[in-house]
Amino acid sequence: MDLVAISSNLLLVSFIAYLVATLFFGGAIKKSKSEKAYHNSKWGTIGLVITIIGFLTHLGYFFTRWAASGHAPLSNMFEFTTAFGMMLIGAFIMLYIIYRTPSLGLFALPVAIIIISYATMFPTEVTPLIPALQSKWLFIHVITTVIGESILAISAIAGLVFLVKNIDMTKKSKSRFWIEAVMYTLILVLGFVVSSTTFKVMDYEAEFTYINKDEVPAEITYHVPPLFGMNEYEAMTPDKMTPWVELPPIINAQKLSSLVWSIAVGSVLYVLLRLIARKPLAAVFQPLAKKANSQLMDEIGYRAVLIGFPVFTLGALIFAMIWAHEAWSRFWGWDPKEVWALITWLFYAAFLHLRLSKGWEGKKSAWLAVIGFVIIMFNLIAVNLIIAGLHSYA
Amino acid sequence: MSKIKCQCGHENPYGTELCEKCGRPLSEKAKKSDIVDMRYEGSSRRSQTYKSSIIDKIWNFFSSVKIGVSIIAAVLITSAIGTIFPQKFYVPATTPEGYLEYYERLYGTVGKLYYQLGFYDMYNSWWFKVLVGMLATSIIIASIDRVVPLYKSLKKQRTRRHPSFMKRQRIFGEGDVQNTEESLAKAEEKLKAMRYNVKIENGAILAEKYRFSRWGPYVNHVGLIIFISGVLLRGIPGFYVDEAMWLREGETRNIVGAPGYVLENKKFTLENYSKEEAEKVFGEALEKNGAIVKSYTTDVTLYKQNEGALPGSESLEKVEDYAINVNKPLKFDGYNVFQMDYKLDELKNMTFHLVNKSSEESLGEFTVDLSDPEKEYDLGNGSTVNMLGFYPDYDGIKDGEPYSKSPVPNNPAFIFQMNTPDKPEGEKSFVAIRQTLEVEENDYAIKFAAAETRNISGLTIRKDKTLYILLFGGLVFMIGVIQGMYWQHRRVWIQEDTKGHLLIAAHTNKNWFSLRKELDTLRETVDLPAYIDRQDPELDKPEQEGDEEIWT
């Protein structure tokens with residue numbers, strides 16, 4: 001077995017470990033009569049041990065892939081997103097050791113699992129580095145940013161536990177609507193995974209020629225049935241589906257088709273789950289969050305921002321500027337990815353000031369943490385895939 | 001304004017909420033509150049005290065955190081809007097009409113509006129600059145407004161606090177213990193072991209640690225101000241150079257923006273990953289993506305003009321040979337030269353034959369250097385070719401004349417006059433690529449024989465004296481955030497009141513969980529009254545009771 005194969009297998013082991021550990025954290029909560037008891041629950045400890053094993057094999061994936069390719073595996077969407085999932089687990093382990101709250105694990109691990117599944121939907125082959133990425137800063141800048149973002153993401157997880165526990169799901173309210181929207185969004189990511197995997201297994205491919213926005217002919221391959229066609233498209237594989245409509249050149253109809261498929265499949269999943277549960281998904285999860293201590297979740301959320309903010313600043317702004325100066329001759333160029341890193345930073349700066357001076361604690365703070373995570377994911381997904389810029393390596 | 005005299009005898013500045021010395025609540029608000037507001041120690045802040053003059057109003061405006069957060073939000077939103085469509089500098093246009101056309105063509109009415117509102121150059125717009133300026137002002141004023149009184153009150157704080165202060169703390173406990181003196185002595189010892197600075201004053205303990213973390217926010221704000229100042233300095237001439245130049249292979253030219261330095265481009269190479277040489281692991285990726293670039297390299301020699309040499313004279317002194325690569329700029333004397341762009345295979349020179357049309361016999365050949373064409377080419381056998389016109393980037397006929405759209409030899413065209421022994425008066429011919437025009441039927445023709453090409457390297461020259469200031473600002477910011485966020489200022493007060501009860505209170509600026517954990521550890525060995533955390537309604541203190549392990 002070569003290194004790349006070993007690497008993929010280690011990742012699979014981690015994935016399974018996280019699934020199993022989630023069950024143990026669930027057990028820790030179920031078996032404990034109260035918050036007091038679950039701090040010392042053996043179920044929680046076993047969950048932690050399995051999570052750590054998964055984290056170690058995840059690190060194993062990372063370093064074997066590094067050894068195979070000769071560069072830090074942080075150079076495309078698959079590698080970056082997988083590393084994000086890995087560091088999310090790392091950050092969780094750190095905070096679990098401090099606070100010992102299985103409910104955090106019960107929410108953090110599934111989110112990490114979803115993120116890793118999402119990562120594997122991108123091309124996973126080992127790619128050589130283009131000149132701009134050939135630098136020691138690839139590792140230094142990206143890994144620091146990923147660690148910072150992961151710790152900040154834990155604050156959103158703690159916020160989520162806080163909200164699921166404290167929002168009254170029996171009465172109609174804005175909070176109830178939005179917490180359910182968060183659940184729905186998570187299901188949509190699963191929808192993306194399910195639809196992409198299905199069409200991948202079917203080996204679906206439809207090829208088109210089209211005229212791009214610079215008025216130059218180009219080719220594109222769809223891996224999902226083409227709901228939308230590119231500007232002035234012509235099918236090269238006529239036996240496949242004919243697009244419903246043709247879109248203007250600034251819209252990438254291929255990506256839009258994938259998005260619409262994800263939303264469609266995700267929505268079907270969501271409706272099915274609602275039919276089975278007969279109540280909002282947030283209400284389904286509520287008993288699992290009930291035993292968490294709100295004050296403690298609030299504090300974990302705040303603490304995660306306190307720990308993550310300096311790391312994020314160092315990685316996503318300072319190291320980023322140093323590298324940008326080496327590679328692109330300027331430390332700052334208002335590239336969309338750069339701007340969104342700045343936006344993330346400004347957002348958490350506002351979070352800290354509101355919390356410190358305006359006393360935004362509890363629910364408000366939890367919502368802010370969730371929004372912060374949305375911004376981070378936006379920068380990871382939308383800015384790379386929709387707003388093209390210098391960072392579009394994937 | 002008058003001073004406020006506390007019952008303990010200390011004179012506090014006007015506007016103080018909690019006595020600087022004993023902590024007694026002084027304002028009505030503080031007296032009524034259940035848990036006292038401990039931010040800035042209840043000290044007198046200028047912005048909360050003086051509100052009448054215009055200066056007060058400006059000061060109060062900028063010292064408000066609410067305003068600060070609003071400015072942050074405004075910068076955040078404008079920045080985000082700037083990423084909706086590509087900014088000016090990513091758009092291939094130069095004129096206002098060009099920009100308008102670009103945005104309208106690609107993004108329709110919204111794009112047109114985006115251009116007209118000036119969002120296409122968001123980060124250079126005056127409102128964006130004003131916002132950043134306001135942010136900087138806010139950072140400075142809000143910091144000064146808080147740091148000075150905070151420093152004073154922390155310096156003046158007394159060990160024994162008034163019970164009314166103790167009772168208004170979030171963590172508070174009260175009760176009798178078996179031996180007060182012994183408890184206090186043990187607590188002192190234990191707190192010292194926990195790295196607290198312990199002060200004792202007849203039956204009262206003040207234990208304090210990590211006070212320096214309170215200065216973190218102000219340190220990081222100083223870092224930000226240094227950073228912003230560094231950015232402003234770039235406007236001063238000499239601090240900042242940003243130029244670009246195209247350098248052809250074989251060319252030696254003065255470096256734009258770096259007087260006295262000369263650069264020779266010896267060779268430009270573009271290398272792709274090849275399947276054979278790339279390690280096997282990349283095979284799949286290369287098959288899928290086609291060619292992937294491995295490197296862009298310009299081999300250069302840097303020269304320095306000798307001092308005192310006349311401009312234009314050839315007294316160059318070689319400094320070094322270097323291979324400029326992406327991520328590996330050439331560095332000299334504060335300048336950096338970056339590999340930014342390239343063009344492959346530009347025509348360098350073209351070789352032609354002069355032929356007799358009927359016999360197809362060549363009368364000789366000549367080579368035109370496209371960057372420096374000559375007026376006359378002597379073929380040596382009595383024949384000469386004169387160049388009457390040279391159109392490096394020929395783009396058709398305009399106003400009866402051949403027209404060149406640029407000085408770059410992308411599509412060279414020539415008007416030659418052929419003087420031969422047969423036709424000494426000469427024949428004219430227009431020669432372009434795959435095209436020859438003659439005014440009247442000629443006996444002779446110019447035939448293209450060969451061409452030589454070369455690569456061009458696009459280089460960017462930068463000098464930025466402010467980089468170290470920016471880096472220093474970043475460093476100070478990092479020190480500030482780490483100092484403020486990775487440590488917390490904790491205080492524990494233990495004292496015997498007049499009735500002989502023992503009071504315990506504690507405060508931290510963040511991370512109450514750890515503070516409670518420390519108090520619990522303290523209570524394990526020292527006989528102290530139980531405390532409550534009045535902001536935790538769920539009132540769970542697992543560690544305090546010693547839970548049994550659950551394993552079912």
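Predicted, not measured: the structure shown is a model, and the values here were computed from it. In the text below, chain A, chain B and the rest are named by the order of the sequence lines, each starting its count at 1. Side-chain atoms are counted along with the backbone in the values below, which use heavy atoms only and exclude waters and symmetry mates.
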For the residue pair [X] and [Y], what are the closest heavy atoms and their distance?
X: B/Met478; Y: A/Pro310; answer: CE-O, 3.3 Å
X: A/Ala132; Y: B/Asn327; answer: O-ND2, 2.8 Å
X: A/Gln134; Y: B/Lys294; answer: NE2-O, 2.7 Å
X: A/Ile98; Y: B/Phe513; answer: O-CE2, 3.8 Å

*asked:* Just so I understand: if I count every heavy-atom pair under 4.5 Å between each of A/Leu354, A/Leu306, A/Val4 and chain B, which residue has the most?
replied: A/Leu306
*asked:* Counting heavy-atom pairs closer than 4.5 Å to chain B, which one of A/Leu314, A/Thr344, A/Ile318 comes out on top?
replied: A/Leu314
*Using non-hydrogen atoms and a 4.5 Å limit, figure out which bit of B/Phe85 sits close to chain A: side chain, backbone, both or neither.*
neither
*Atom group of B/Ile292 that falls short of 4.5 Å from chain A, counting heavy atoms*: side chain
*Give, as side chain, backbone, both or neither, the part of A/Ile322 having an atom under 4.5 angstrom from any heavy atom of chain B.*
side chain
For residues [X] and [Y], determine if any side-chain heavy atom of one lies less than 4.5 Å from a side-chain heavy atom of the other.
X: B/Val293; Y: A/Ile130; answer: no
X: B/Phe282; Y: A/Thr127; answer: no
X: B/Phe338; Y: A/Trp328; answer: no
X: A/Trp334; Y: B/Thr83; answer: no

_side chain to side chain donor-acceptor pair (under 3.5 Å) against B/Tyr486, all qualifying residues, sequence neighbours excluded_ = none
*asked:* Under a 4.0 Å threshold between the charged nitrogen and the carboxylate oxygen, would B/Lys331 count as salt-bridged to A/Glu326?
replied: yes
